[in-house]
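Right, one structure below, let's go through it.
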2 protein chains.
Amino acid sequence: MRVSLKDVAAHAGVSIKTVSNVVNNYQHVAPAMRERVQRSIDALGYRPNLAARHLRKGRTGMIALALPELGNPYFAELAAAVIDAAAEHDYIVLLDHTGGRREQEILVSQGFRARVIDGLVLSPIELETDDLRDRAENVPLVLLGEREYDLPYDHIAIDNVAAARAAVRHLIRMGRREVAFIGDRRGRSEPAQLRVRGWREELTSAGLSADDGLVAATDGWGHADGAAAMARILETGRRPDAVFAYNDPVAIGAMRVLHERGLRVPEDIAVVGFDDVVEGRFGAVTLTSVSPDKGAIGRLAVQSVLARLGGEAPEPRRIRADFRLIERESTLGRPAGDGPGDA
Amino acid sequence: MRVSLKDVAAHAGVSIKTVSNVVNNYQHVAPAMRERVQRSIDALGYRPNLAARHLRKGRTGMIALALPELGNPYFAELAAAVIDAAAEHDYIVLLDHTGGRREQEILVSQGFRARVIDGLVLSPIELETDDLRDRAENVPLVLLGEREYDLPYDHIAIDNVAAARAAVRHLIRMGRREVAFIGDRRGRSEPAQLRVRGWREELTSAGLSADDGLVAATDGWGHADGAAAMARILETGRRPDAVFAYNDPVAIGAMRVLHERGLRVPEDIAVVGFDDVVEGRFGAVTLTSVSPDKGAIGRLAVQSVLARLGGEAPEPRRIRADFRLIERESTLGRPAGDGPGDA
DNA sequence: ATGAAAGCGCTAACAG
DNA sequence: CTGTTAGCGCTTTCAT
């Protein structure tokens, strides 16, 4: 069987407590004693039983991170950032995925999936404010991402409106006049609303049109969704000279359709994505994208949860992480039809 | 504070044991009693303390899955498969990433990262047989992926040699005569050796050359590595008419360089990848790829770990998961120079 | 069918 | 500086 503190104590001829002191690096242990106990520990191959420690201390040393999907490289990269940040504090991350489905998100927020945790970081998609309001769970919760909740939880995100405006501003500056938005979610309360709002504000303030015909809804936010939406826009006969996509996979899916229809990027249509995933840097046309500071988000999320552990309850905060717009080939140069002879 | 079994017992006016029986769906509880206890449970909002249960039963209900990197979509998709398969058995998955670094892999295999687990699924890259030989850890371990270990652990993988041969055979059948391999790992014992071997065997048995000048080493297996290796091949002046890449990101990175140099895929150079990640289906040129059955791998891995839980020790097995070759645009048609007038 | 009591392995008070 | 003791919340014999 497994060797316990008691076994080590017997082997070393000391009390249990002394062994415990050594294991936990307690201050006042005579060096000779420490030495002797350590020898027994090594001899028996003792390893502390974490379940017992947890039971006793009421802490597990684990936090859960619940993301919509791991297959989206943005979330995968974010997960890596959180895992590393947590490791800095000797914390282990339990990863979960919700599929962006409300039921799953509720389950996670109530602690029904990952149950042995000290804290929870959740990136919701469909979750509603009310779902959180009667949360009968006391482990600290931190929210990630662009949905806004008027609730007493820390919320970490980049300024999505500002980021969207920056993306569209760049497009306008490059001479684009008709900018479509792809990735409004069809038939659900809008998780993409902030990006749509930024898109609309920037166009409007530049005196350009932002009518609904320029907004394409999707079911999800994968490559296939972007492709389908782009195809639909083209079928309406509309020919925007730029597309701002909800995220990079959507943008890349859209570019694929453009390619199939013989439309050139960026000459005919410029494309901007969101998230700056690696994939966007290696296509036939590299993708301009909004790049959130994933490392910072991960670090802030971990800090935020851990800060609430000791029963402390700092004021809930809305924390803004940084972002940058990375310009690449997909928005390079002015539109093809924009020459002097065309004016 | 949290409510415990005792509180519920007091509230319902029964003994602790009876409450426990209800919570655990024990057979012999009078319906009326069950009803009454359940009411108290609901009233108090009782939730079992898992740490205590674990301490008592010696099981945690969690398995760890350690992957090289989450950022690689193949592993992200695989992780999703494992998480879902585990959920079927009421098991939670603790995800970890090793960066493919040997030290991390050793730590994981010894249980130093995720410690409260009933089992471990590890997908190693650099780990050596000896690192596992003196594993002083008794939680069941299952290995994933293409490295071969002569050790008493279950090992789940597709037949990498056969898969590589299928990929190269396809290339040959499409009229290619000089097939390069990209993604042999530079300066390490070879995790890619099975794929290289399959590549070599198939070329040789077709009477084609498989000399070392056709094998390009990389540092890692990301887009950038593929791009760098492709560039290096072209700089030697060699002009293969096909490339077989270690995985899809490497293939896509290589295609980007081909595109930059004005070489057409597949007309000038055909490309085959490995893993069939979503990204490969949406580039300007869609990517032919070997598609491992990720769902099956995930399911088998979970089954395999759980089978070893009850102290049972089935014979260690080498389990082969299925794969298919998905043909797409990157290998479509015969090489450009392969016309009748060229013979 | 239900209750009483022991103990999983550990830490935290408190003594000594 | 080290030893004793009392639980953390649960499951599990063993009685009843």
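Naming: A, B, ... by sequence-line order, numbering from 1 per chain.
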So, is A/Ser20 near the phosphate of C/dT11, with a side-chain N or O under 4.0 Å from OP1 or OP2?
yes

State, yes or no, whether a side-chain contact exists between A/Val116 and B/Thr60 at a heavy-atom distance under 4.5 Å.
no

Begin from the C-alpha positions of A/Glu103 and A/Leu107 and carry the test side-chain contact (heavy atoms from CB on, under 4.5 Å) through to its verdict.
CA-CA 6 Å; A/Glu103 295 75 35; A/Leu107 285 185; 5.6 Å; no

Gap between atoms CD1 and C1', on A/Ile16 and D/dG3 respectively (whole Å)
10 Å

Rounded off to whole Å, could you give me the CZ-to-P distance for the B/Arg56 and C/dG7 pair?
10 Å

Do B/Val23 and B/Arg53 have side-chain heavy atoms sitting under 4.5 Å apart?
yes

Is a side-chain donor or acceptor of B/His11 paired with a backbone partner of B/Asp7 at a separation under 3.5 angstrom?
no

Report the distance from atom NE2 of B/His54 to atom C1' of D/dC8, rounded to the nearest whole Å.
15 Å

Could you tell me whether B/Val23 contacts a base, only the sugar-phosphate backbone, or nothing, with contacts defined as non-hydrogen atoms closer than 4.0 Å?
nothing

Report the distance from atom CZ of B/Arg59 to atom P of D/dT11, rounded to the nearest whole Å.
14 Å

When the distance from CG of B/Asn25 to P of D/dT11 is rounded to whole Å, what number comes out?
12 Å

Of the nucleotides D/dC10, D/dT2, C/dT2, which one has an atom closest to the side chain of A/Thr18?
D/dT2

Rounded at 0.5 Å granularity, tell me how far CG in A/Leu300 sits from NE2 in A/His155.
13.0 Å

Measure NZ/B/Lys6 against P/C/dA5 and give the value in whole Å, please.
13 Å

Considering just the side-chain nitrogens and oxygens of A/Ser4, establish if one lies under 4.0 Å of OP1 or OP2 belonging to C/dG9.
no

Touch check for A/Arg53, heavy atoms < 4.0 angstrom, all strands: base, sugar-phosphate only, or nothing?
sugar-phosphate

When the distance from OH of A/Tyr26 to P of C/dC14 is rounded to whole Å, what number comes out?
13 Å

Contacts of B/Leu55 and A/Lys57 projected onto DNA chain C by closest heavy atom; the upstream (5') one is B/Leu55

Just how far, in rounded Å, is C1' of D/dG3 from CG of A/Asn21?
10 Å

Which of these nucleotides, D/dG3, C/dG9, D/dC10, is closest to any side-chain atom of B/Asn49?
D/dC10

Nearest listed nucleotide, side chain of A/Lys17, among C/dC8, D/dT4, C/dA1
D/dT4

Taking C/dG3, C/dT11, C/dG9 as options, the one with an atom nearest any side-chain atom of A/Leu5 is C/dT11

